[in-house]
Amino acid sequence: MTDRTHPGKLFLVGIGPGGLEHMTGRARAAIAEADTLIGHATYLRLVAELVTDHTVVRSAMTEELDRATQAVELARSGRIVALVSSGDSGVYGMAGLTYEMLFQTGWTPETGIAVEIVPGATALTTCAALVGAPLSHDFCAISLSDLLTPWPVIARRLNAAAMADFVVALYNPRSGRRSRQILEAQRLFLCHRRPDTPVALVRSAYRPRQTVELITLAELGEGEISMLTTVLIGNSQTQVHHGLMITPRGYASKYDLRDGATLEGERVGQPLSTGLDGWIAELRDSRASVAELARRFQLPEAYLADLLR
Ligand code: SAH
């Protein structure tokens with residue numbers, strides 16, 4: 001039961017990628033306010049300078065359930081608890097699990113202990129910053145961990161992301177016992193992307209053993225990849241210039257980047273000529289059947305039929 005005379009609080013603190021300088025002010029304040037810190041030993045080490053007279057509870061990486069249970073119990077007993085995670089605690093982190101557990105035990109935001117999620121800079125953006133600007137167009141994250149997700153689900157998402165030309169960040173790409181997953185991801189991507197597609201391997205970003213390597217999709221299988229690596233796979237437009245991986249934002253299809261002039265057929269502040277309205281007009285002019293358009297644009301026939309009705 002929650003002890004209402006000593007209301008506890010649970011902070012779910014994302015500490016960012018590693019170094020204290022990449023931690024938010026709110027994350028520091030939450031740790032300062034807490035009397036109890038819980039987390040994996042690696043993360044507690046990263047915030048060691050901020051530990052004062054806290055009670056510190058270290059747990060193993062695999063003990064996520066225990067960690068969440070313990071954090072909730074301590075907060076219920078009236079403590080101010082900071083459960084620290086790397087990156088953002090809502091991104092493949094403890095936040096979802098903690099809420100699931102709280103709800104299962106009858107918690108509501110109105111009646112239970114206070115819970116505050118303190119956002120942190122996640123691996124995908126922090127790793128991206130070290131290699132250039134690979135996420136300047138649509139991107140997604142996929143975890144290769146099949147500890148809790150069936151492989152066909154992961155494979156379907158990899159395939160869909162590869163097919164739809166997303167830049168993709170692969171979290172949990174390989175561990176001691178999981179080495180084949182990254183090879184399967186490579187095979188699926190090679191069904192849709194060129195072998196020379198740029199790939200970045202960023203390991204231990206903003207930590208003492210940080211390494212950054214630029215390779216290609218063809219070389220992904222031989223790359224040095226571990227649990228501490230985030231893999232960034234470029235889309236069909238991503239380029240490498242002087243060791244920097246850049247995904248164009250799309251300005252070049254509308255403007256001449258040398259003098260800023262608008263390209264023929266395009267207008268400043270207006271959608272592209274191939275934006276929604278322009279594209280519909282083009283479809284109406286074409287004599288192609290809905291089935292043919294569905295194949296050409298890889299879109300469902302039902303959608304195109306509705307669009308053109
Ligand atoms: N909550 C974390 C992700 C936890 S999942 C976040 O928001 O970043 C663990 C995975 O995150 C690792 O396998 C790795 O792929 C990635 N990761 C976390 N920290 C990293 C770092 N400092 N450098 C590179 N990858 C990192």
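One-based numbering, in listed order, for ligands and for the atoms of each. Please read all numbers here as calculations on a predicted model, not as lab measurements.
Counting Ile, Leu, Val, Met, Phe, Trp and Tyr side chains that sit under 4.5 Å apart, directly or through other members, Leu228 stands alone, with no cluster partners.
In this structure a side-chain-to-backbone donor-acceptor pair under 3.5 Å is present from His54 to Thr52.
Applying the salt bridge (Lys or Arg N to Asp or Glu O under 4.0 Å) test to pairs two or more places apart or on separate chains, those with a residue in residues 11-26 are Arg26-Glu116.
For Asp35, the salt bridge (charged side-chain N to carboxylate O under 4.0 Å, His left out) test picks out Arg79, with sequence neighbours left out.
Side-chain atoms of Arg76 and Thr105 include a donor-acceptor pair closer than 3.5 Å. Using a 3.5 Å distance cut-off with no hydrogens or angles, the side chains of Thr125 and Thr122 do not pair a donor with an acceptor.
Enumerated by chain and number, the residues approaching ligand 1 to less than 4.0 Å through a heavy atom are Pro17, Ser86, Gly87, Asp88, Val91, Tyr92, Thr122, Ala123, Cys127, Tyr171, Asn172, Pro173, Val202, Ser204, Ala205, Arg207, Met227, Leu228, Thr229, Thr230.
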